[in-house]
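Naming convention: chains lettered A, B, ... in sequence-line order (proteins, then strands); numbering from 1 in each chain.
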Amino acid sequence: MKISAKCIWKQFWYDLVIFFREPFFALPILLLPGVFFVVYAGSMAKDAASIEGFAQYLPMYMILISFLTVFFNIGTQYVTDKQSGIFKRLLLSPISLFNVVLTYSLRGLLISVLGFFEMIAIAALVFHIPMSSNMILFFLAFLVTVIIMMLLSLTLHGFFKNSRQVMPFTIIGFQYVLFASGMIMPVENMPAVLRYLVYVNPVYHMNQILIRVWYSAPQKMNHIAALAIWVVICLVLIRFQKGFATDK
Amino acid sequence: MSFIIDVQDIVKTYGEKTVLDHIGFRIPAGETVAVVGPNGTGKTTLLEILMTLRKVDSGSVSILGKNANEQKAVDEIRSRIGVMLQEGGMYSYIKLKEALDLFAAFYSVGRDKIGQLVEYFELQPYLNTKYEKLSGGWKQRFLLAIAFLHDPDLVFLDEPTTGLDPKATQLVWEKIRGGVEKNKTILLSTHSMEEVDKFCDRVIVLSKGKIMANDSPAAIKDMLKVDYFSDAYFRLVEGDDRR
């Protein structure tokens with residue numbers, strides 16, 4: 001039986017409906033990073049000589065929304081859907097694994113894009129931060145980071161069978177992204193040994209790449225190479241991972 | 001006679017452990033068949049093989065006349081089977097009417113058919129209710145409705161009445177029997193020997209990866225000279241009366 005575009009659209013639509021119904025997901029994911037940015041940038045703006053430099057913090061907040069959606073929400077849902085038999089039930093219908101992952105990905109992309117425009121709107125309307133002259137490329141680069149984040153999320157969460165296992169990982173992962181990505185603590189001020197934790201953090205490299213695209217600065221190959229290595233690792237892991245509660 | 005399920009000499013192992021050890025059976029169309037056995041005896045593995053979720057190490061499995069070891073056939077088999085999983089497998093926050101709409105899209109089922117199904121399963125009062133808000137009995141009834149949504153030839157029910165009170169159990173069985181009257185083949189796993197005795201045409205008793213009996217409950221009771229199927233079951237899985 002062939003799956004039509006209408007069928008995929010319906011699955012995507014109900015996936016979104018369910019996402020916005022779930023308490024403690026939709027609003028915190030979309031609102032909290034924006035609120036944090038307003039508070040943070042607002043407190044800094046009082047003393048700042050120029051607001052232009054604030055733009056360097058925008059990518060990190062956009063990535064944070066993407067991380068919360070793709071890693072925190074979709075990643076844990078991926079595990080709980082396996083646990084509650086939803087995956088098995090979907091796979092026993094004419095829907096393929098590709099359709100299921102596609103639906104997750106489309107939602108991750110959509111919420112991340114909403115977060116992107118939310119941050120741009122706050123930056124432009126609240127703080128009058130000048131926009132990048134490279135905005136289209138910046139947007140495309142952001143989409144690429146979301147796709148890589150999705151790949152990381154599905155690969156790593158593929159190792160977990162139930163929510164009890166995945167919660168500690170998600171909490172540690174969240175703290176790692178907050179403290180070892182340059183978001184809260186400047187990397188230059190960290191002890192040398194801790195900097196290695198930052199250098200293996202894909203979120204740190206995503207942030208660095210996006211900042212350079214925003215300011216039209218030349219890219220450093222080490223950031224691109226680091227992300228490329230992560231992509232290769234994920235693809236290798238997926239290749240050897242047993243699939244979604246089936247041994248087909 | 002045509003067989004809906006034809007299993008020949010299958011073996012399934014997980015690492016060193018042999019879960020299904022050279023078993024075979026055939027199920028004709030229109031029968032209600034129960035698979036019973038102690039926990040960990042291979043019931044779920046057998047059902048998952050028949051549902052095309054798992055592959056066998058050796059032997060052959062034919063479902064609806066298709067070779068379940070071929071990927072091309074798997075897609076067709078899946079579009080013609082109905083499934084009710086023990087875990088539920090339904091989104092907690094989806095409303096019943098939305099779930100019906102979603103699964104109807106998967107199986108290309110029209111609105112008329114959904115309407116008939118809603119009427120038959122008496123789902124009307126709960127169409128705007130989220131799945132998580134339903135009682136255990138209504139959840140099972142709804143999952144059963146989804147299993148029958150696309151008018152499948154073969155329906156798998158994994159412990160359909162576990163945890164239900166007698167009234168809810170009776171209602172679920174009424175609906176299952178309704179499917180049987182439409183010449184559906186039903187394959188179910190259960191721990192209720194009373195249900196096997198009362199409702200099933202055939203029972204496959206599994207123990208330690210082998211089939212201990214495969215016949216009608218009445219024939220098995222006659223063979224072992226017992227009045228209740230539960231007595232027959234215990235003698236088969238714990239005693240020496242092995243076939």
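- Within the 4.5 Å cutoff, the side chain of B:F106 has heavy atoms near those of the A:L90 side chain.
- Counting heavy-atom neighbours within 6.0 Å of A:W13 CH2, excluding the residue itself, gives a total of 12 or less.
- Minimum interatomic distance between A:C7 and B:A105 (heavy atoms only, all atoms of both residues): SG-O, 3.8 Å.
- Between the B:R78 side chain and the A:S93 main chain, no donor and acceptor come within less than 3.5 Å of each other.
- Residue B:E119 qualifies as open at atom CD: its count of foreign heavy atoms under 6.0 Å is 12 or below.
- Nearest heavy-atom pair, B:M51 versus A:L92, reported as atom, atom and distance to 0.1 Å: O-CD2, 3.0 Å.
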Let's go through B:Y93 and A:V17 carefully: what are the C-alpha distance in whole Å and the side-chain angles of both, what is the deciding distance for side-chain contact (heavy atoms from CB on, under 4.5 Å) to 0.1 Å, and is it a yes or a no?
CA-CA 9 Å; B:Y93 295 103; A:V17 167; over 6 Å; no
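- If you measure heavy-atom distances from B:L85 to chain A, the contacts under 4.5 Å come from the side chain alone.
- Neither the backbone nor the side chain of B:F156 has a heavy atom closer than 4.5 Å to any heavy atom of chain A.
- The contact between B:K95 and chain A is made by backbone and side chain atoms together, counting heavy-atom distances below 4.5 Å.
- For A:K10, the parts lying near chain B are the backbone and the side chain together; criterion is any non-hydrogen pair under 4.5 Å.
- Within 6.0 Å of CD1 in A:I136 there are 12 or fewer heavy atoms belonging to other residues, nucleotides or ligands.
- Comment: B:E87 does not engage A:R89 in a salt bridge, judged by the lack of any side-chain N to carboxylate O separation of less than 4.0 angstrom.
- Once rounded to the nearest 0.5 Å, the distance linking OH of A:Y14 with CG of B:D101 reads 3.5 Å.
- Atom CZ of A:F159 has more than 12 heavy atoms from other residues, nucleotides or ligands within 6.0 Å.
- Separating the CE atom in B:M90 from the CG atom in A:D81 is a distance of 11.5 Å, to the nearest 0.5 Å.
- Checking B:Y91 against A:D15 by side-chain atom types alone, no donor-acceptor pair falls below 3.5 Å.
- Around atom NZ of B:K139, more than 12 heavy atoms belonging to other residues, nucleotides or ligands sit under 6.0 Å away.
- Note on A:R21 versus B:E132: no salt bridge recorded, every NZ/NE/NH1/NH2 to OD/OE distance being 4.0 Å or above.
- For B:I146, the parts lying near chain A are the backbone and the side chain together; criterion is any non-hydrogen pair under 4.5 Å.
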